[in-house]
Number of protein chains: 2
Amino acid sequence: MPVTIRDVAKRLHLSITTVSRALDGYDDVASETQKEVIRTAHEMGYIPNRAARQLRRRKAETIGFIMPASAKRIAEPFFMEFIAGLGDELTMRGYDFLVANATTHVDERELYQRWVGGNKVDGLIVTRLNVQDWRVQYLIEQNVPFATLERSNGRAIYPCVQVDGEHAYFELLRHLVDNGYHHIAFIGGPVELVNHQNRLGWIRKAAGELDLLIDPAFIISADLTSMGGYQAAKELLDITPRPDAILCIDDETAFGALHAAHEKGLSIGSEIGIVGFDGTLESQHTEPPLTTLDIPLYNMACRLVRMLLKTLAGHTQEADVDKIIPELHIRGSTHRS
Amino acid sequence: MPVTIRDVAKRLHLSITTVSRALDGYDDVASETQKEVIRTAHEMGYIPNRAARQLRRRKAETIGFIMPASAKRIAEPFFMEFIAGLGDELTMRGYDFLVANATTHVDERELYQRWVGGNKVDGLIVTRLNVQDWRVQYLIEQNVPFATLERSNGRAIYPCVQVDGEHAYFELLRHLVDNGYHHIAFIGGPVELVNHQNRLGWIRKAAGELDLLIDPAFIISADLTSMGGYQAAKELLDITPRPDAILCIDDETAFGALHAAHEKGLSIGSEIGIVGFDGTLESQHTEPPLTTLDIPLYNMACRLVRMLLKTLAGHTQEADVDKIIPELHIRGSTHRS
DNA sequence: TGGTTTATCCAAAACGTTTTGGAGATTATA
DNA sequence: TATAATCTCCAAAACGTTTTGGATAAACCA
């Protein structure tokens, strides 16, 4: 029942070819005709059938994002801001945005296959990379364009946005030392995570430069959820002597750590310092507000989209790589006032 | 380059018709043949081209969700849990999930048109309904299936999940009275919002039954963000005499209110009580943990999907309506310990 | 004038499925 | 044995676009 290109052609006594070309702005149609076509098409409420267009053009005009199965829930602030950025940028550019979340690894693989094999998407955004990552391997094999947040090991080139936190962590540790914190702990994620390796590496480097010793028992893994952070922090705080500053791999984990510290009756900001990573919006409203390394998640997502679309358009000489420098936001959670 | 149905047919010396029908499980193909087809197709890595299928079947096997332009950001915990539910249930059922966020109202309308007119989606999920809502009107006009969270005014029938908070709010107010709170304020959202009207209505009803007077100056509107809640709460707390309990339209708003109360140096849970709505996961980790009316957002989203899919399948006698009773979670933010 | 460009337009062939309306065997029925 | 019913299969026609490879007429050039 929707109006097709044929209807428009019939109404104007033109061929569908001409209508199609007029709407696509080819220069082999008289500008007089073109105006007429555009006007009539709009008037009749013509909207091209996406499936037909996709089939013929062999393009989906759609970008996909699959929540990694390793993520416990899509509802984390991190993913939200990230997804918001992807969605906004994509819809602004006339692309559609397909989302799924994988619950198991088998599932995840199947989703990738379904989308790639079925031509559902022209490209994908991949995040939460592992040091060795089967997803990038698969996508390269299949020759499907993609862009990533952080990058895995290997010599393959692909567009990505990378965080360089070396300097920021140095600043952070200096701030901590200046405020009397000397016994630093780290609640990370799964060790195969690129983020885990990088952030821990930067912390170690900065600690070395500031002559701080990090007790190996103070480095533990959680699962990037607030519950995981809560439990990990409880463990850490039970050790004697206990750490006096807890650096978390992300804000979400830090929320749980805050909770655990409150529960222990510790005065956060003086007896114990807690630090996040990401600079999510909720980090401003915790009690006390959370010191964190802020990265522009929303903008990073937008950039990834632009990179990916550029690759799709073929305007790609070498793969883009964007470097992001986190910004240290000092708030009440590490500040003895 | 991907393997098509034609390739499978050729390999087996069968017609593409037979292959297609075998894969779809029609009974006019010998079960012997069918087995063979399925095996070979799988072996060759055949994945049906979605665009072609959609074009022919005139179905997209896709459900859409458009973030209302009225929402400031997709990253709110509410939407996250909700979207997570939609995504999980849809991918589980083999449907694709298309997401967009509208930034302006024009934009929003255009998105609906693009998806509906272009046959991109078979149905839509609509949320954050207004008392009068052009979206439900449009979708009914266009005869496109949809399901909603809450329902707008009007006699139209369509599947929806509705919250019935009457009893829960009565319980809440009784709890507040029992704990010595008598001067109740409400931070709502835009007044045209169904949620605003309903929740305020329930509060008024319960207050009436408990002989509580609600000062009209204590009822104000915010924009459903934590920043909005923060500002609104600051205003409320500057009134003398000030309210001793602030009920917020949702958790997000309550996060901001908590922050404002901390800033004023008030002891939350004794001098001032603060209450949210939704029962988002973050509400457990605030300081103090937030008293809230918990609704199973994730499950509600799943139910909506099931309802919508049932409608699509045509197994619909009358429109489904699900009632949800919120559960009162009493936590530190209203509890003088 | 005759030939070559140039400016417009179009018929028909894709794209990869599903569906329609049989055809040809084989089996059951009279 | 002839006819009807049942099993399998298939050729061809959709679905609504875009793209290819001209066709026609007007304008230009020598």
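The sequence lines fix the lettering, A, B, ..., with proteins before strands; numbering per chain opens at 1. Quick caveat: nothing in here was measured; it's all calculated off a predicted structure.
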Name the pairs: protein N/O against N/O of nucleotides 11-14 of chain D, kept only if under 3.5 Å.
unit_1  : atom_1 : unit_2   : atom_2 : d
dA11(D) : N7     : Thr17(B) : OG1    : 3.3
dA11(D) : N6     : Thr17(B) : OG1    : 2.8
dA12(D) : N6     : Thr17(B) : OG1    : 3.4
dA14(D) : N3     : Arg56(B) : NH1    : 2.7

Practice problem: Using the salt bridge (Lys or Arg N to Asp or Glu O under 4.0 Å) rule, take Glu110(B) and Arg114(B) through it: C-alpha gap first, then chi angles, then the decisive distance, then the call. | Solution: CA-CA 6 Å; Glu110(B) 230 173 69; Arg114(B) 177 143 68 104; over 6 Å; no

Legend entry - CZ (Arg151(A)) with more than 12 external heavy atoms under 6.0 Å: yes

Separation of dC10(D) atom P from Asp24(B) atom CG, nearest Å, is 17 Å

Check your understanding: Does CD belonging to Glu43(B) count more than 12 external heavy atoms closer than 6.0 Å?
Key -> yes

Tested for side chain to side chain contact (heavy atoms under 4.5 Å, CB included) against Pro159(A), the lone hit among Leu304(A), Val321(A), Thr311(A), Asp322(A) is Thr311(A)

Rounding to the nearest 10°, end axes of the helix from dT1(C)-dA30(D) to dA30(C)-dT1(D) built from five pairs each make an angle of 50°

Is any side-chain nitrogen or oxygen of Arg57(B) closer than 4.0 Å to OP1 or OP2 of dT18(C)?
yes

- [ ] Evaluate the side-chain proximity of Lys120(A) to Asp96(B): yes if any heavy-atom separation is below 4.5 Å, no if none is.
- [x] yes

One should read off an interatomic distance between Phe79(B) CZ and Ile83(A) CD1, to the nearest 0.5 angstrom, of 13.5 Å

His13(B) atom NE2 is separated from dT8(D) atom C1', nearest whole Å, by 18 Å

Atom CG of Leu12(A) and atom P of dT8(C) are separated, to the nearest Å, by 17 Å

Check your understanding: So with a 6.0 Å cut-off around CZ of Arg11(B), is the heavy-atom count from everything else above 12?
Key -> no

Only residue of Arg57(A), Lys59(A), Arg58(A) satisfying salt bridge (Lys or Arg N to Asp or Glu O under 4.0 Å) with Glu61(A) is Arg57(A)

query: Does Tyr26(A) make a side-chain N or O approach to OP1 or OP2 of dT8(C) shorter than 4.0 Å?
result: no

Please write out each protein N/O paired with an N/O of nucleotides 23-25 of chain C under 3.5 Å, distance rounded to 0.1 Å.
none

Taken in chain and number order and not counting sequence neighbours, the residues that satisfy side chain to side chain donor-acceptor pair (under 3.5 Å) with Arg135(B) are Asp133(B)

In whole angstroms, the gap separating C1' of dC9(C) from CD of Gln34(A) amounts to 14 Å

Between NZ of Lys59(B) and P of dT17(C) the distance, given in whole Å, is 18 Å

Review point. For the residue pair Trp134(A) and Tyr112(A), is the inter-centroid distance of their aromatic rings smaller than 6.0 Å?
Key: yes

Per the under-4.0 Å heavy-atom filter, residues of residues 109-121 of chain B near DNA chain C come out as none

Does either side chain, that of Ser15(A) or that of Thr18(A), offer a donor lying less than 3.5 Å from an acceptor on the other one? yes

Open item on the list: Taking the side chain as everything from C-beta on, heavy atoms only, tell me whether Ser20(A) gets closer than 4.5 Å to Ile5(A).
Closed with: yes

* Hey, is the side chain of Thr4(A) poking within less than 4.0 Å of OP1 or OP2 on dG16(D), counting only N and O atoms? -> no

The correct set of residues in residues 35-54 of chain A placing a heavy atom under 4.0 Å from DNA chain C is none

Sorted by position of nearest nucleotide on DNA chain D, 5' first, the leading residue of Arg58(B) and Arg21(B) is Arg21(B)

For this session: Would you tell me whether Tyr95(A) and Asp122(A) have side-chain atoms, one donor and one acceptor, within less than 3.5 Å of each other?
Result: no

5'-most contact on DNA chain D (nearest-nucleotide basis), Asp28(B) vs Leu55(B), goes to Asp28(B)

When every non-hydrogen atom of Val194(A) is compared with those of Ser152(A), the smallest separation belongs to CG2-CA, 4.3 Å

Atom CG of Leu23(B) and atom C1' of dT19(C) are separated, to the nearest Å, by 15 Å

Which of Asp7(A), Leu23(A), Thr40(A) passes side chain to side chain contact (heavy atoms under 4.5 Å, CB included) with Tyr46(A)? It is Leu23(A)

Is the shortest heavy-atom distance from the side chain of Val3(B) to the side chain of Val8(B) under 4.5 Å? yes

